[in-house]
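Okay, structure first, notes after.
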Amino acid sequence: LGTIYNFRRNPVMAIEYLKKARNADSGEADTHFRLAKAFHNADMIANALLEYNRTIEIKPSYTKALNEIGWIYYNTGKKEAAIKQWEKTLKINSNDRDAVLNLAKVYNDLVWDAFTSGERKDALKYWQKTLNINPGNKAAKYYMKKYDSD
């Protein structure tokens, strides 16, 4: 029921039922992850982080939880911590599309931060990092070609 309420965007009811499920079987990683998502959807970030971490304690290879922790860090301005989380995901699964796109997003933010503050070398470094994880990134290719030759 908690999962259904989460799907229907009713985090309060989702939390209620998922807490019951967690209490009935606290060793199930999926239940902790679903509860974390419900907390996250309700903007209860500290609780969400706690449950994501419990998910990883139970199952260290749970990449969806690692990715969500990355977003919590990213959305609170901790870009380097977010990068580390998404890199952990890629160490577990080098083809994790979410982690690749998440890293490309944060690198792109860092590119523009560097570029607008006149740090062109740093911008090029982040575009290269984007291409290292996402070789088909058209924007990074375009800007690398445009600014690397200057």
Side-chain angles (χ1 to χ4, degrees), residues 1-116 119 122-144:
L1 286 172
T3 302
I4 291 169
Y5 280 115
N6 234 357
F7 180 74
R8 291 187 175 171
R9 302 200 190 314
N10 187 338
V12 173
M13 292 300 292
I15 290 167
E16 180 182 330
Y17 282 98
L18 289 166
K19 280 172 112 179
K20 289 177 183 178
R22 177 200 59 198
N23 293 342
D25 184 8
S26 65
E28 176 60 44
D30 287 335
T31 302
H32 286 281
F33 179 76
R34 289 180 184 126
L35 180 56
K37 287 293 287 180
F39 282 133
H40 205 162
N41 291 340
D43 289 325
M44 298 173 74
I45 302 305
N47 293 40
L49 194 54
L50 179 69
E51 291 298 329
Y52 287 134
N53 281 317
R54 284 185 180 152
T55 302
I56 295 166
E57 287 171 17
I58 295 166
K59 186 176 178 186
S61 63
Y62 208 113
T63 57
K64 287 181 182 180
L66 289 168
N67 288 339
E68 291 298 328
I69 292 170
W71 278 112
I72 289 173
Y73 291 150
Y74 176 86
N75 289 325
T76 56
K78 300 173 186 169
K79 291 179 183 174
E80 291 301 322
I83 289 169
K84 287 179 183 175
Q85 284 301 122
W86 294 325
E87 287 174 342
K88 284 181 191 176
T89 295
L90 291 179
K91 285 179 184 172
I92 294 167
N93 176 5
S94 62
N95 296 318
D96 188 293
R97 188 81 178 134
D98 288 336
V100 168
L101 295 176
N102 297 346
L103 280 167
K105 163 75 174 129
V106 73
Y107 288 150
N108 191 52
D109 288 354
L110 293 170
V111 162
W112 291 113
D113 292 347
F115 202 73
T116 56
E119 301 294 330
D122 286 342
L124 289 168
K125 176 183 81 174
Y126 287 119
W127 274 319
Q128 187 58 56
K129 284 185 174 203
T130 299
L131 290 173
N132 290 345
I133 59 151
N134 187 1
N137 189 297
K138 291 179 183 179
K141 282 182 184 179
Y142 171 80
Y143 288 112
M144 280 291 290

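Hydrogens, waters and symmetry mates are skipped; everything else that's a heavy atom, side chains included, is used. Numbers for residues simply follow the sequence, beginning at 1.
In this structure, T89 contributes its side chain and A99 its backbone to no donor-acceptor pair below 3.5 Å.
The side chain to side chain donor-acceptor pair (under 3.5 Å) test applied to N53 returns no partner, not counting sequence neighbours. For Q85, the side chain to side chain donor-acceptor pair (under 3.5 Å) partners two or more places apart in sequence, or in a different chain, are K88. The salt bridge (charged side-chain N to carboxylate O under 4.0 Å, His left out) test applied to D109 returns K105, not counting sequence neighbours. With sequence neighbours left out, the side chain to side chain donor-acceptor pair (under 3.5 Å) criterion links N93 to no other residue. K79 meets the salt bridge (charged side-chain N to carboxylate O under 4.0 Å, His left out) test with D113; sequence neighbours excluded.
Using a 4.5 Å heavy-atom threshold, the side chains of I83 and N102 count as separate. Contact annotation: the side chain of T130 never approaches that of N108 to less than 4.5 Å [non-hydrogen atoms, C-beta and beyond]. Using a 4.5 Å cut-off on side-chain heavy atoms (C-beta onward), L103 and L90 make contact. Taking the side chain as every heavy atom from C-beta outward, D30 and Y62 approach each other to under 4.5 Å. N67 has its side chain out of reach of K64: every pair of non-hydrogen atoms, C-beta onward, lies at least 4.5 Å apart. With contacts defined as side-chain heavy-atom distances shorter than 4.5 Å, the pair K59/T55 does not qualify. Proximity of L110 to E80: side-chain heavy atoms (C-beta onward) are separated by under 4.5 Å at one or more points. Between M144 and L124 there is a side-chain heavy-atom pair separated by less than 4.5 Å.
Taking both residues in full, the closest heavy atoms of G70 and A82 are given as O-CB, 3.3 Å, listed atom of the first, atom of the second, then distance. Of all the heavy atoms in I133 and V100, the pair that sits closest is CD1-O, 3.3 Å. When every heavy atom of I92 is checked against every heavy atom of P60, the shortest pair comes out as CD1-O, 3.6 Å.
Ring-centre distance between H32 and Y52: not below the 6.0 Å cut-off. Taking the six-membered ring for Trp and the full ring otherwise, the centers of W112 and Y143 sit less than 6.0 Å from each other.
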After noting the C-alpha distance and the side-chain angles of K141 and W127, does the key distance pass the side-chain contact (heavy atoms from CB on, under 4.5 Å) rule?
CA-CA 8 Å; K141 282 182 184 179; W127 274 319; over 6 Å; no
Working note: N134 + Y107, criterion side-chain hydrogen bond (donor to acceptor under 3.5 Å, both in side chains); need CA distance, chi angles, decisive distance, verdict.
CA-CA 11 Å; N134 187 1; Y107 288 150; over 6 Å; no
Dump the intermediate steps for side-chain hydrogen bond (donor to acceptor under 3.5 Å, both in side chains) on N47 and E51, then the final yes or no.
CA-CA 6 Å; N47 293 40; E51 291 298 329; over 6 Å; no
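E57 has no carboxylate O lying under 4.0 Å from a charged side-chain N of R54, or vice versa, which leaves the two without a salt bridge.
Within the structure, every pair that satisfies the ring pair (Phe, Tyr, Trp, His ring centres under 6.0 Å) test and touches residues 74-98, not counting sequence neighbours, is listed here: W71-Y74, W71-W86.
Here the CD-NZ distance, from E68 to K37, works out to 3.5 Å after rounding to the nearest 0.5 Å.
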